[in-house]
Structure formats: structure tokens, C-alpha cells
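All remarks here apply to the structure that follows.
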2 protein chains.
Amino acid sequence: MKAYKIPEATVMRLSIYSRYLHQLMEEEIDTIASGDIARGVGVSSAQVRKDLAYFGEFGTRGVGYKVEELYSHLMKILGLDKRWSVILVGAGKLGSALALYHGFLDRGFHICTVLDIDEKLIGTKLNGVIIENVDVMNARIIENNIEIGLVTVPALSAQNVTDRLVESGVSGILNFTPRVLKVPNHIILRNVDLSVNLELLSFNLGYHYKR
Amino acid sequence: MKAYKIPEATVMRLSIYSRYLHQLMEEEIDTIASGDIARGVGVSSAQVRKDLAYFGEFGTRGVGYKVEELYSHLMKILGLDKRWSVILVGAGKLGSALALYHGFLDRGFHICTVLDIDEKLIGTKLNGVIIENVDVMNARIIENNIEIGLVTVPALSAQNVTDRLVESGVSGILNFTPRVLKVPNHIILRNVDLSVNLELLSFNLGYHYKR
DNA sequence: TAGATTGTTAATCGATTAACAATC
DNA sequence: TAGATTGTTAATCGATTAACAATC
């Protein structure tokens, strides 16, 4: 408890634990030991206990953890006990793919505004949301209380769009472009590279030849 | 050189460096120092040199690196100097999104087979590829020399599809479902969770309140 | 009480950073 | 030669693992 710096890997695992606990809830299992969680998600039991220890004591010695209780603690820790309003800028291939994908909404991320500059797209609907011109960015962010922006524009426009999102008051940005973006210190920026996972796979498939 | 165990973080950064070098090539810059790469992608210059040192000596002391040369070394290291044939299983929201997304093909990953079990989808085209019944999996993997499988089916079918991919002879699997999959040791498995990045963002946006 | 499992500490392991000799 | 920058070593930092006392 009171840990100031939580490893990113820990947070990622908490997210994985939470999904596994959800699965256990569906199977109506109500108590579980760290070793079982560990086996279920492929880490060590010490890892599970250590990760949880950053945030408090959630188990009972000799018994384990109550599944539902631990689940809701994790959801709260991850900030998933609320609904997040999200703006998507760039309704091209990747952008529309993300808008159609259900996985975000399932975890509480609601894409309530979609913007583009392409006149052919503006006015059409994407998953029930009308695509609007980027000019309305500032207005929509304020009226919808949007805190998170997804950047799925072409690489060349990425920094520009990012600057506008920051000016308009979002607190977090998820960058799907391959560009390195500059943001002020108070803005949380994360970069998502869909190809990078395939590239890690390709590296692992190929590199053992050369050692 | 001759390093047996390369940190995953290093491989991810090589991928980022390669993209940055590509950008430099477009700007017709032909020589660059580790410090410049570092500034460009947001790491330390020692990090850049260390990462490269796992694979050889690519620079000239006092001068730096030749951009094109380093780029092609990196592409080779990452296994991106060839075209990979990829099978996509599950042509739902996420699957079709990935099939439409250009970023994979840009890095050499060609989705040449798309399978589903939904009769309504089978026979329709996705980015020029006809969606077929999962029954043809084995045949297509062999005839197209497919080495990589993308799993984008509902969570409940994920393990089953994975087993069939393994039996059919793929070497690498990219799992987009939230399930933990079991595969034999010789199969390279990577899990991609699109929501996890949003959740890291949400954690970082929320957690500072509580410390 | 006996058995089980947590929470936590200390030991280990691995990755990043700083520093600098080598050298263009 | 003087200045710059690499490749590499050693020091630091951080994360994982093993072990076990606490305790249900």
C-alpha cells in the first residue's frame, strides 16, 4: 500500500487477472487461491500476490480470495468502475475498425464522438455515431466530458491532431500512428502499435536460425 | 553478438527504430548518431547502442550510422525482409477490422486466407479475400505456406481454433481474444489485448488520486 | 490443532544507465 | 591532430522469485 510507483507490467497483469476472475464468476466459483489464478493466466503465484500487495490486502490466509470481491477491487484499481467518454479522431480503416470493435465498450470505454476531415465520411454513421468535422472537437470534448482521445489519423496529421486534443482538454491520448508524439507532462500518452506484436512473432520465428 | 536471450523490450524498440529510420530515409537524411535516434523516439542514446550491440556493430565511431544500411539490418533482424503468409480465423468485427487495416501488409504480413463458421459471411469478400469455412484450414495452410495465425473468434472457440491451427502446422499464433491459450512449446504465441492499453491509460488517469 | 495460503522480506535475476576507452 | 561518437564495461536500478512467518 501507499506504493508511489507501480510497475506497468503489474498493471497489465491486474487487467489480465480481472478478466480471468470474470471468467471464474461465470463458472460460479467463489473462492480462489493465488496459485490457481497463477496457473490460469500463466504467471507464478508469488507474482500474483506481489502484484496485489501494491494495493492492499485482499485475501484471507489459509483460504484465498473471494472471486467477486477481488474482481471488483481490481476493476476499481484499474479505473474501470466508471464509464469513460472517448473521442476518436480519424475514421479511416483503423479508426472505423476500433469504433466497431465491442471490446472497448465492454470495459467501459464509450466512443461518443468520431471526427474526420473527409467530406465523404462526414455525416455518415459509424456504430451509431455520426462522423463530424474536426472543427467541432473542442465543443464535443467539453459537452461530453471527454477525457480520452484515440488518434487514428494518417501519420503526418498525428502531431497536429494531438496538439488540438491537448488544447481542448483531454487528459489521456492513445496513439495508434507510428509517429512519436510530443505532449505536455500532465498528459498521459500511450502508443499502440498493432504491427509490433506481429513483428515480435516474426522475430521469434526467424531469429533462432542465426544464433 | 551471439546473444542467446534478447530482451523483448529490445525487439520492440528495434521495431520503433526501424520506423524512425524509414521516416529519415524519406527526409533523405543519410547519416545519424545514436543520440539523434534516441531523441527521435524518446529513449537514451546508451539504450539505442546497447540494443544494437546485441546483433553486431553497425556504426562508425566518430560518425554514426548510415540510415539506409541500419534500416535494412533492422528489417532483416526483425524478419521483415520477407513476406509472411497469414491466416485470419474469425471474420467478425475485430477480424474484419484487422483484415482491412493496411498496417500489416505495409510491414510484410499478407492475410491470404480468412475463415469463419458463419454461413452469412462465408462466400463474401474481405479486402479482396473470400471468406471460407473453417473446414478448409488445413488445406489452405499447406497450400499457401502459412506460418502465422490470427485468432479473432469468440473467446469460447479460441482454444479449439488454436488447437486446429497448431495441428495444421502454423508456427506462430497471435491471440486477440481475452482467453489464455495453451500451445505446445515449439509454437510461438503472443497475446494482444486491445483494451489493455486503454486500461493502462485509465489506471494512470485515475490512480494518482489515491496515493 | 493441523493444513493451507496469504502477505512480506530477502535473494536473485535482468535490464537500463553512466562512463569511457577505442577509433573514425 | 582535435572533435565526435561508437561499442562495451561496470554500476545502478527495478522487477521477479523463493522462502517463510503470520494467521485463518
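Everything numeric in this text was worked out from a predicted model, so none of it was measured. Within every chain, numbering begins at 1; the chains are lettered A, B, ... in the order of the sequence lines, protein sequences first and strands thereafter.
- The distance between atom CG of A:Leu52 and atom P of C:dT6, rounded to the nearest whole Å, is 9 Å.
- For the pair B:Phe58 CZ and D:dG7 P, the interatomic distance rounds to 9 Å; values are reported in whole Å.
- Across A:Ile131 and A:Leu115, no two heavy atoms sit closer than the pair CG2-C, 4.3 Å.
- Rounded to whole angstrom, the span from the CZ atom of B:Arg49 across to the P atom of D:dT8 amounts to 11 Å.
- Counting to the nearest Å, the C1' atom of D:dA22 and the CD atom of A:Glu57 are 11 Å from each other.
- Atom NZ in A:Lys50 sits about 12 Å away from atom C1' in C:dA11, given to the nearest Å.
- A sub-4.0 Å separation between OP1 or OP2 of D:dT16 and a side-chain N or O of A:Arg13 is present.
- Between the CZ atom of B:Arg61 and the P atom of D:dT6 there is a distance of 10 Å, given to the nearest Å.
- Across all strands shown, B:Ala46 has heavy atoms under 4.0 Å from base atoms, whether or not it also approaches the sugar-phosphate.
- Between the side chain of A:Ser202 and the main chain of B:Leu78, a donor-acceptor pair closer than 3.5 Å is present.
- Within the structure, a side-chain polar atom (N or O) of B:Gln47 is placed less than 4.0 Å from OP1 or OP2 of C:dT17.
- Put simply, CD1 on A:Ile37 is 10 Å from P on C:dG7, counting in whole angstrom units.
- The main-chain N or O of B:Lys182 is found under 3.5 Å from a side-chain atom of B:Gln159 such that the two form a donor-acceptor pair.
- Over its length, the helix from C:dG3-D:dC24 to C:dC24-D:dG3 turns its helix axis by 10°, as judged from the five terminal pairs at each end, rounded to 10°.
- Of the side-chain N and O atoms in B:Ser34, one or more sit less than 4.0 angstrom from OP1 or OP2 of D:dT6.
- If you take NZ of A:Lys5 and P of D:dC13, they are 16 Å apart, rounded to a whole angstrom.
- In this model, the phosphate group of C:dT17 is approached by a side-chain N or O of B:Ser44 to a distance below 4.0 Å at OP1 or OP2.
- Residue B:Tyr65 places at least one side-chain N or O under 4.0 Å from the OP1 or OP2 atom of D:dG7.
- Looking at B:Thr152, its side chain does come within 3.5 Å of a backbone N or O of B:Val89 through a donor-acceptor pair.
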